[in-house]
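What follows is a single structure, written as structure tokens, with notes after it.
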2 protein chains.
Amino acid sequence: MNATRATELLRSAELRATTQRVLLLATLIAEAKPLSVDDLGLRTKNSLDTATIYRTLETFKEKGLVRRVDLDQGRALYEHAGEHHHHIVCTKCGTIRDLDICLPKTLQNQVREESRFAHVNQHALEFFGVCKKCV
Amino acid sequence: MNATRATELLRSAELRATTQRVLLLATLIAEAKPLSVDDLGLRTKNSLDTATIYRTLETFKEKGLVRRVDLDQGRALYEHAGEHHHHIVCTKCGTIRDLDICLPKTLQNQVREESRFAHVNQHALEFFGVCKKCV
DNA sequence: ATCCAGATGCAAATGGTTTGCATCTGGATA
DNA sequence: TATCCAGATGCAAACCATTTGCATCTGGAT
Ligand SMILES: [Mn+2]
Ligand SMILES: [Mn+2]
Ligand SMILES: [Zn+2]
Ligand SMILES: [Zn+2]
């Protein structure tokens, strides 16, 4: 179980290690992929109130423990925040895969120039396609 | 006005050129940036029912006249579909700028390999930063 | 001028997310 | 170990973007 690890992480983030938080964070670590609030509800056997899940995820996000993945309109997904990375989504079955690629520095600099923005801080990059099972 | 151009586009898309559709498409062409349903309501002086706007945008999307931009969770944005491009968003004032950059072919091929997906069809790429006015 | 498939307006429903408030609890303290 | 309370939770209601059912209206073909 990741309960111990989750508790440690909560402590270092200066958050109270409540039953609910440990459970949610351990689940996010175990699944290692973007989960919806509903997903989290199911994985925790509906033992947590929906409002608690939302509030907890927001807290986790502020502390950098999770990051929100906005793939489409509608429901938000959250994943345990590890290394910066991107995703590819199967448009047929919804499967999400991590990608260990990122934008080349040259492109990021190009954006800095072309945008004429004072700062460019982040970017979101997702790919969409059809996985082998869904061909 | 872009009313004439809008009517032409609707005709070539085999869509009936109703008052509402011409108005919406002309607005999207004129603004040339991603607009929310509320934006479109305001720009058209609240003369259109919200349900009509939603249904019209969906129709336009199916015909390739507009594309939906999912920047964050919450409200969807729609823009007149021209060349494939990306955006940078100011996280302070919300301003959205077009970017004429795209991913290098090498990266796209890399994704094809690493993902092990059968097909990779699209991608979404958005940058976030602070514009000069908001520094 | 007539006609009708498809488009619109209105109002109610839906679904994800947020919020107010009473109660509960983690963990600091004595 | 018992006490205590700021902060966390559960519950129910509110909120807000989007969708849907249905009666009425209209673009454009005849
Ligand atoms: Mn991931
Ligand atoms: Mn654009
Ligand atoms: Zn698939
Ligand atoms: Zn700005």
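Letters A, B, ... are given to chains in the order of the sequence lines, protein chains preceding strands, and every chain is numbered from 1.
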Expected list for residues 39-63 of chain B near DNA chain D, using heavy atoms below 4.0 Å, is B:Ala51, B:Tyr54, B:Arg55
Please check if the distance between the ring centroids of B:His87 and A:His123 is under 6.0 Å.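 Distance test on ring centres: not under 6.0 Å, no.
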Enter the distance from B:Tyr78:OH to B:Leu35:CG here, rounded to the nearest 0.5 Å. 12.0 Å
Are A:Arg75 and C:dG15 close enough that a side-chain N or O sits under 4.0 Å from OP1 or OP2?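 Checking C:dG15 against A:Arg75, no side-chain N or O comes under 4.0 Å of OP1 or OP2.
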What is the distance, rounded to the nearest whole Å, between atom [atom1] of [X] and atom [atom2] of [N]?
X       : N      : atom1 : atom2 : value
B:Asp72 : C:dT17 : CG    : P     : 12 Å
B:Leu77 : D:dT18 : CG    : P     : 9 Å
B:Gln73 : D:dC16 : CD    : C1'   : 13 Å
A:Leu15 : C:dG26 : CG    : C1'   : 13 Å
B:Gln20 : D:dC25 : CD    : P     : 14 Å
A:Leu23 : D:dT9  : CG    : P     : 11 Å
A:Asp70 : C:dT17 : CG    : C1'   : 13 Å
A:Asp38 : C:dT14 : CG    : C1'   : 14 Å

Name the residue closer to the 5' end of DNA chain C, choosing between B:Thr19 and A:Ala17 according to the nucleotide with the nearest heavy atom.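 With B:Thr19 and A:Ala17 compared, the 5'-side residue is B:Thr19.
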Students often get this wrong, so: under 4.0 angstrom with heavy atoms, is B:Ser36 touching a base, only sugar-phosphate, or nothing? nothing
So if I apply the side-chain hydrogen bond (donor to acceptor under 3.5 Å, both in side chains) rule between B:Asp98 and each of B:His86, B:Lys33, B:His85, which one comes out positive?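 That would be B:His85.
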Is the CZ atom of A:Arg68 crowded by more than 12 outside heavy atoms at less than 6.0 Å?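 Above 12, so yes.
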Take atom CZ in A:Arg112; do more than 12 heavy atoms of anything else shown fall under 6.0 Å from it? yes
Counting Watson-Crick and G-U wobble pairs only, both distances under 3.5 Å, name the nucleotide matched with [N], or none.
N      : result
C:dC24 : D:dG7
D:dA2  : C:dT29
D:dT30 : C:dA1

Are any of the side-chain nitrogens in A:Glu8 or A:Arg5 under 4.0 Å away from the carboxylate oxygens of its partner? yes
Residue whose nearest DNA chain D nucleotide is more 5′ - B:Val37 or B:Arg11: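 Looking at the nearest nucleotide for each, B:Val37 comes out on the 5' side.
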Applying side-chain hydrogen bond (donor to acceptor under 3.5 Å, both in side chains) to A:Asn109 and A:Thr106, what does each step give before you reach the verdict? CA-CA 5 Å; A:Asn109 292 330; A:Thr106 57; over 6 Å; no
